Structure formats: C-alpha cells, structure tokens
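Notes to accompany the following structure.
Only a predicted model underlies this, so the values are computations on that prediction, with no experimental measurement involved. Here is the naming used below: chain letters follow the sequence lines, and residue numbers restart at 1 for every chain.
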2 protein chains.
Amino acid sequence: MSATIKDVARIANVSPSTVSRVIADSPRISKETKLRVEQAIKELNYHPNIIARSLANKSTKIIGLIIPNTSEDLFKNPFFIQVMTGISIYAQKKGYYIMYSYSKKENEEIKFLKNYSNSKLVDGFILLTSKKDDKCIEFLKKNNYPFVVVGRPEDTNKVSWVDNDNFKAMYGVVNLLIQKGHNSIAFIGGPKQFNMSKDRLEGYKKALDVHGVYIDDKMIEQETNFTESCGFEAMNRILSYKIPSAVVTTDDLLAFGALKAINERTCQKIAIAGFNNIPLAAYQNPPLSSVDINAEELGYNAAKLLIGKLENELLTTNHYIVETKFIERESTL
Amino acid sequence: MSATIKDVARIANVSPSTVSRVIADSPRISKETKLRVEQAIKELNYHPNIIARSLANKSTKIIGLIIPNTSEDLFKNPFFIQVMTGISIYAQKKGYYIMYSYSKKENEEIKFLKNYSNSKLVDGFILLTSKKDDKCIEFLKKNNYPFVVVGRPEDTNKVSWVDNDNFKAMYGVVNLLIQKGHNSIAFIGGPKQFNMSKDRLEGYKKALDVHGVYIDDKMIEQETNFTESCGFEAMNRILSYKIPSAVVTTDDLLAFGALKAINERTCQKIAIAGFNNIPLAAYQNPPLSSVDINAEELGYNAAKLLIGKLENELLTTNHYIVETKFIERESTL
DNA sequence: CTGAAAGCGCTTACAG
DNA sequence: CTGAAAGCGCTTACAG
C-alpha cells in the first residue's frame, strides 16, 4: 500500500491538514514544519491521490475530447493527432489531464458528452470539429458546461473557439495567383454546412473582386464531401465548361481528385492549390501547393482558452486566430 | 447542484446503501424497491459520480496512454491514431476511459508513467511502442503496474503484448517475389533495437533460404531511422554494389526514399515493397505495394488484454497476434 | 501558524 | 432483503 496524507502527518508529527497545506503551498505555514513535512513526504515517497483530491475539490482537471467519426480523412489527414498533441502540450504545462473517446457509430458524440459530464468526470470539453447546428454545442451550452470549439461555429454567441482566418488564407492564395498572371481561376469547395467553407469561398470572391476579375458562378463548385472523388467530379464539370488557368480548393483531398481529372483530360498546365497541407500533398504529381493551417497551434490555443475559463481567468477574448502559411510547391509555379 | 445518492435515497424512501446496490445491480434486492429506486433515479436525473466511486473502489477504470515523441512519422503514419481508435472502441464497450499524454521532450514518457501511477489516476497502461531495453517496461514491471505493450518487446517475461507476426509477414512478401521470378532481392530495414526489425529480417532470410537463394549480406541494409533519407542512402549503397531485381523494406518511408534513389539512378524496373501501408503508399510513382498491419485491431486487442488483466480474468494467453495483409500495387507487378 | 472536524459522494462488511 | 456505519484520501472553514 502506498502512503497517504495520514502517514505523512504521523511521521512529520503534524496534522493531515498541515500536510495538505504544505502540498498546496499555502503561505501561512512556518518554514520549519514545512521542511519537516517535505522530509516526511520524501521519506515515504508520498504522492497525493488525485482522485481523492478531485472529490474534495469537485474538479478533476480532466479535459474531455471526442474524436469525430464523421471525418472522411481521420487517417489521411494528421489534423486530429496534431490538434491532440497541441492540446496535450498546453494541458500538461498547466497540470491538466486529457481524456478522449472515439466511436464508429454516427452521433455517439452526444452520448459521450453526457456520460462524461453527468458523471463529473471532466471539467470541460474541447470539440475537435464543429458542424452547422451542432448538437454538441447546443447540448454543452444548454447545460452550461465549459467548452471550446476548434473551428469557428455558426453562432459564436457564448461559445469560445479557435480557428484560422480562412477568409484571409484563401484571399491570399487567390491574390497570389492573380499576381502571377492568372485571370481565370476556378474554385472547388467542401460542404456548405461548415463555416470554413463559406469563409474560404468569400476569400476567393473578394480577391477576384478587388482585382476586378469577373466572378463566374460556373467556375465555382461546392461539394458534399472532402473526398478525392468529389474533387474529381467537380473538376470534370468545370473542365467541361471551360479550361481555367488555375484552380483553388478548400481541401487537399479535393485537390488530389481535381489533379487527377486535369491529368486525365488535358495536357494544358493548370495551376492548383490545396488546403491543409497534409503529408500526401508533397507527393502529388506535380507536388501540390497548399495552405498549412498549423493544427498543433490550434490545439494548443484551444487548451489555453478552455483552461483559462476553468480557472476563472479574466479572459479578454473568447477566441484565438492561428496564422496560416501558404506552402508553395510545383503545382503553382 | 446535481442529485446525489442521498437525494435518490430520500425520494425512494430507502438508504443510500440500497440505492448503491440497485445501481450495481446487486442480486439481493427486491423487485419493488428496485423499481422504486429506479423511478427516483429517473425523476432526479441522477448519475453516479465516477470520481466518488473511483475513490471508494480504489479503481478508476482509466487506461493511460503515452503518445511517443520519438516517432519519426507520428504525423505521416496514421498508426498511432488508428491504434488509439481501436483501443477506444474496446474500452468503451467495457466502460473504461482513456487518458493520453504527449510531450515534445525526449524521455518524458517515464515522467508521465510515474505521475499517472503514483497519483492513482489510471488502472493500467498501454505502451504504443516498445524499444530495446525499454525504460517504461522496466519501470512498470518493477512497480507491478498492469500494462500491455503494442509490439512484442525484447523480453516477454511477465509482459503482455500484441503484435503482428512480422516474421511471417516479411516471409510472405519475399516468398511472393521469388515466386514471381525474382532472384536478387535486397533488404532495407529499420533500427536494430526494434524487435520487429529483427523479425522482418529473419523472415526475409528464411524465405531466401527455403528457396535456396544465396543470402548476400551486402544486399542487406539496416538503417538507424525510419526516414526517407535513410531509405535513399541505403538504396544508393545497394545500387552501387549491384542492381537487384527487387527490394523489400520494413517501412513505407524507407521505401519512398529507396524509390527515389531507384528513379534517379536507373531506368531498370526494380520491384519494391513497403511496410505499414500508410496512405502515402498509394500515391507513389509507381504506387507502392505494402503490408497492412491492421493497427486498429492491434489497439483493440491491446485494450482487451489489459482490461482482461484488470478484471482478473483467467487469461489463457499473454499476447495476441494480429493478421497482416499484403496490399499489392504496381510497384511489385 | 496549526488542528479537529466535517464534508466531497460513493461502496461494502457487518448486523439484523 | 435492507440499513447504520465506517471508510476511500483528500480539502477547507472554523476556531484558537
């Protein structure tokens, strides 16, 4: 059996309360007793029982995470594991723990949230993704449970979130292409129910607009999934209409599919840019330029925001914007 | 404030002990009181406090996981997230929780293990990887903490593990190549301190041996890292010695590097096979054949083994072998 | 500066 | 079949 606070108290000849205070680094403890207690702690190799502490404190310092099963590219896209490492780095720094859960069944997320919150297991949640009319956000809001969302949700009222500036990122890519002389730029986007889809589309339109380039709706495709086959189909529809000089996409997998369509249908060089900069991007033919979204930093900031809330810090903000970086490769050279 | 067991007891007009027994589904409770208690639970929307239960039970039903920082390809290889999903699926089925930790600093693993075990936070650990003379295994063994290792460790005495049959998998690949008529097959392996490295090398040698093919040590390269550049260097050394008709590798990244060297130095077609079947494999030029190791299944079985131990089941085995599958693509056709 | 006591919300051996 | 009581290992308001 390992030592408890009582054992330490006995050895140090003080009361358990005092030991507890020494551990908590309470200011009103004399130097000597503090030393005596520390001595005893070392002697017994004592370590506080976190569970007992949690019960007394009514706080577990555990953050809950749900790994979404709806993501097409959980295994192709390192986004989630990157976010998770970022979260861990900050959490660890602050003495917090992280619990995750994954399920194959659709919509089990809400079940986990309920389980974790009802049983008082976690102090708060980080949602790794946010959909339109997100049930999880709704649930957490209604129950007043602390949480942070990765990806700006539709309704930011009373929710904390971290995200990239998707408008700016896409604006930058299109702007760059225009400056390189491209005047006919197509757009292939993902599901409309994601906010980032809209933001990226807006960025595309704005850049064209600013440069006085006509916005042709037939050059804009919005897919229902972030998959290669969707990108392939979309590109084919665009090519049937007109051959653009460049195409921007809101996801690397969409770009892969588009690239395949381009390589199959035409020998003309069409510039193409992806989004997310997954490892596969560098291996395309030609290597794909892509926007790096710095997923680890997103996770890090999500943890920072949540823990700030949990510790009742006076937060000056309810969100963080993480910088993106356009990684240029052959596909846009 | 949410309801406690006392509130339920009051409403149902029984003692807290009885409520507890109903929740635990104890057999010696009368039908009627059981119904009354269940009614009260529903009425109050009562959910047991897991932390309090953990303290009373001296068991948290939490499994600890350390995401290794030493892995070259945490983000390129979905291995870890796949193992993690597999673990979660089984754990969830059994009512267990999973905690993970990641750190950028080398060798912080042991610090986490100590923290998690000393503070009685977790009931057991799953090690996602095992090195030679693994400090973590040593520590857990010494402290008699329940754990399971993914990947057969050097010394299997008193340790539970899950793994593929790496010998058999590589034997199968080489055997297939020989049957296709290859008679000069090179081998590029990873760090020697991993057991799987040895097993795969043995499989390679055995297959040659069985077919009476001479084993040429100069055709065998063992690298210090699972990186493309290592694969590139190794292949160049082999090519400088002799041009093989095929090359097998123990990791896809090694194969990518080797492929690059081949494409640069010779126009001859050299068959090549990878290992792990990461998503990038299908995107090589030519698409790379590779051994799929079924990482999710590894995780699932690791959780099964650990939870079996924790629940004192009479385990008939201390390990599971997960099947591999050779995914053939153009590179070996 | 320190201690005795109550409390966090459960479980379970003991008694009936 | 059910309850009173003790216990899990901490924290902290209260008193001195």
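- Using a 4.0 Å cutoff on non-hydrogen atoms, no part of residues 34-41 of chain B comes near DNA chain D.
- Under the salt bridge (Lys or Arg N to Asp or Glu O under 4.0 Å) criterion, Arg152(B) pairs with Asp199(B), not counting sequence neighbours.
- Residues in residues 139-149 of chain B take part in these salt bridge (Lys or Arg N to Asp or Glu O under 4.0 Å) pairs, two or more places apart or across chains: Lys141(B)-Asp155(B).
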Distance-only donor-acceptor hits, side chain of residues 24-33 of chain B, under 3.5 Å, sequence neighbours excluded:
unit_1	atom_1	unit_2	atom_2	d
Asp25(B)	OD1	Lys34(B)	NZ	3.1
Ser30(B)	OG	Thr33(B)	N	3.3
Ser30(B)	OG	Thr33(B)	OG1	2.8
Thr33(B)	OG1	Ser30(B)	O	3.0

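- Residues satisfying the salt bridge (Lys or Arg N to Asp or Glu O under 4.0 Å) test with Asp7(B), not counting sequence neighbours, are Arg10(B).
- Looking at residues two or more places apart in sequence or on another chain, you find a salt bridge (Lys or Arg N to Asp or Glu O under 4.0 Å) between Glu323(B) and Lys168(B).
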In 5'-to-3' order, the base (B), backbone-only (S) or no-contact (-) status of each nucleotide in nucleotides 11-16 of chain C, using a 4.0 angstrom heavy-atom cut-off, is SBBB--

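- With sequence neighbours left out, the side chain to side chain donor-acceptor pair (under 3.5 Å) criterion links Lys61(A) to no other residue.
- Stem regions for DNA chain C, each three or more consecutive Watson-Crick or G-U pairs with both distances under 3.5 Å and listed by first number, read C:1-3 with D:14-16, C:5-12 with D:5-12, C:14-16 with D:1-3.
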Under 3.5 Å donor-acceptor pairs involving side-chain atoms of residues 301-310 of chain A, not counting sequence neighbours:
unit_1	atom_1	unit_2	atom_2	d
Asn301(A)	ND2	Glu297(A)	O	2.9
Lys309(A)	NZ	Phe147(A)	O	3.2
Lys309(A)	NZ	Ser160(A)	OG	3.4

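- Residues passing the ring pair (Phe, Tyr, Trp, His ring centres under 6.0 Å) test with Phe194(B) are Phe226(B), sequence neighbours excluded.
- In this structure Glu108(A) satisfies the salt bridge (Lys or Arg N to Asp or Glu O under 4.0 Å) test together with Lys111(A), sequence neighbours excluded.
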